[in-house]
Chemist: 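Below you will find the structure I want to go over with you.
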Amino acid sequence: MPDLFDAAVAAQQQSYSPYSKYPVGAAIRTTSGAVFTGCNVENSAYPEGTCAEAGAIAAMVLAGERAIVEVLTVTGGETPGTPCGGCRQKLREFAGPGAIIHATTNDGAVLDISMADLLPSSFGPEFLLGERAR
Ligand code: THU
């Protein structure tokens with residue numbers, strides 16, 4: 001987990017967040033052990049901004065990987081900013097129920113939660129593709 005934290009902080013430092021002033025970094029570990037990172041990228045047309053998790057997922061898929069085992073996000077503030085609803089669904093596409101999400105802050109607060117608890121009763125690829133989606 002320390003390596004994921006360092007990777008997420010490095011990504012957070014690249015955040016483009018002039019409007020919210022809330023930089024976020026995300027790091028994903030896959031079954032191969034590789035780590036992929038992303039940061040939030042805001043836009044003057046506000047809804048067009050993208051979350052850190054979305055950037056990390058895009059990097060993972062671009063590298064040919066699809067199986068998330070662990071995710072770490074880092075935000076400022078006293079309380080970890082947990083993944084937004086849209087990002088929970090985006091992560092769910094590639095993360096099994098036992099995947100662990102560590103929501104952290106730069107000051108060291110940590111909230112660990114499983115994918116199943118982060119997005120209960122969720123819809124996923126197996127509904128459309130059957131079990132071969134896993
Ligand atoms: N943000 C993320 O990057 N990930 C989340 O899961 C929650 C929110 C970003 C979006 C926006 O740039 C800023 O945090 C404030 O909402």
Side-chain angles (χ1 to χ4, degrees):
M1 188 185 141
D3 61 324
L4 276 189
F5 183 77
D6 290 349
V9 169
Q12 182 192 29
Q13 285 166 357
Q14 302 303 319
S15 164
Y16 176 72
S17 44
Y19 308 110
S20 71
K21 299 183 171 43
Y22 189 76
V24 184
I28 290 173
R29 195 191 322 278
T30 60
T31 46
S32 76
V35 172
F36 301 95
T37 59
C39 63
N40 54 335
V41 181
E42 297 184 348
N43 194 283
S44 50
Y46 290 176
E48 298 305 324
T50 52
C51 286
E53 296 89 328
I57 289 168
M60 174 191 75
V61 172
L62 182 61
E65 299 224 26
R66 297 184 174 180
I68 294 173
V69 294
E70 197 175 7
V71 179
L72 187 145
T73 60
V74 61
T75 67
E78 280 185 23
T79 304
T82 49
C84 75
C87 285
R88 293 175 193 210
Q89 184 66 40
K90 289 182 178 74
L91 291 169
R92 164 66 172 88
E93 185 73 14
F94 302 105
I100 298 296
I101 290 82
H102 312 282
T104 77
T105 69
N106 292 101
D107 292 337
V110 180
L111 180 119
D112 291 335
I113 187 166
S114 69
M115 188 68 239
D117 286 342
L118 192 65
L119 191 65
S121 304
S122 62
F123 187 83
E126 67 274 16
F127 286 82
L128 300 180
L129 303 175
E131 284 309 311
R132 72 191 163 86
R134 283 262 165 257

Chemist: Minimum heavy-atom separation for Ala26 and Ala56, please, with both atom names.
Modeler: O-CB, 4.1 Å
Chemist: Assess the side chains of Glu53 and Thr73: does a donor N or O sit below 3.5 Å from an acceptor N or O?
Modeler: no
Chemist: Can you measure from CG (Asp112) to OG1 (Thr104) and round to the nearest 0.5 angstrom?
Modeler: 9.5 Å
Chemist: Determine the minimum heavy-atom distance between Ser114 and Pro97, stating which atoms define it.
Modeler: CB-O, 3.7 Å
Chemist: Flag yes if Phe36 and Val69 sit in one hydrophobic cluster, no otherwise; membership is Ile, Leu, Val, Met, Phe, Trp, Tyr, and two members link when side-chain heavy atoms are under 4.5 Å apart.
Modeler: no
Chemist: Find out if a path of hydrophobic residues (ILVMFWY) with successive side-chain heavy-atom gaps under 4.5 Å connects Val24 to Val35.
Modeler: no
Chemist: How long is the gap from OG1 on Thr50 to CD on Glu42, to the nearest 0.5 Å?
Modeler: 9.0 Å
Chemist: Would you say Ile100 ends up clustered with Leu4 if hydrophobic residues are merged whenever their side chains have heavy atoms under 4.5 Å apart, either directly or through other cluster members?
Modeler: no
Chemist: Return the minimal non-hydrogen interatomic distance between Cys84 and Cys51, and the atom names on each side.
Modeler: SG-SG, 4.0 Å
Chemist: Locate the shortest heavy-atom distance separating Ala103 from Gly81; write the atom from each residue and the value.
Modeler: CB-O, 4.4 Å
Chemist: For the side chain of Glu70 and the backbone of Thr30, is there at least one donor-acceptor N/O pair under 3.5 Å apart?
Modeler: no
Chemist: Do we see a donor-acceptor contact under 3.5 Å between the side chains of Glu78 and Thr105?
Modeler: no
Chemist: If you define the side chain from C-beta out and look only at heavy atoms, does anything of Phe123 sit under 4.5 Å from Leu128?
Modeler: yes
Chemist: Going only through I, L, V, M, F, W and Y residues with side-chain contacts under 4.5 Å, is there a path from Val71 to Leu111?
Modeler: yes
Chemist: Please report the interatomic distance CD1(Ile57) to CD1(Ile68), rounded to the nearest 0.5 Å.
Modeler: 5.0 Å
Chemist: Could you tell me how the ring of Tyr16 sits relative to the ring of Tyr19: parallel (under 30°), tilted (30 to 60°) or perpendicular (over 60°)?
Modeler: perpendicular
Chemist: Of all the heavy-atom pairs spanning Pro83 and Cys87, show the shortest one and how long it is.
Modeler: CB-CB, 4.2 Å
Chemist: How far does CG of Leu118 sit from CG of Leu91, to the nearest 0.5 angstrom?
Modeler: 7.5 Å
Chemist: Is a side-chain donor-acceptor pair under 3.5 Å present for Gln12 with Asn106?
Modeler: yes
Chemist: Closest heavy-atom contact between Gln89 and Leu119?
Modeler: OE1-CD2, 3.5 Å
Chemist: Please examine the side chains of Thr82 and Arg88, heavy atoms only from C-beta on, and report whether any two atoms are closer than 4.5 Å.
Modeler: yes
Chemist: Is Glu126 salt-bridged to Arg92, going by a charged N under 4.0 Å from an acidic O?
Modeler: yes
Chemist: For the OG atom of Ser20 and the OH atom of Tyr46, what is their distance to the nearest 0.5 Å?
Modeler: 9.5 Å
Chemist: Are Val61 and Met115 connected in the hydrophobic side-chain network, where two residues link if heavy atoms are under 4.5 Å apart?
Modeler: yes
Chemist: Measuring from Glu65:CD to Ile28:CD1, what's the distance to the nearest 0.5 Å?
Modeler: 10.5 Å
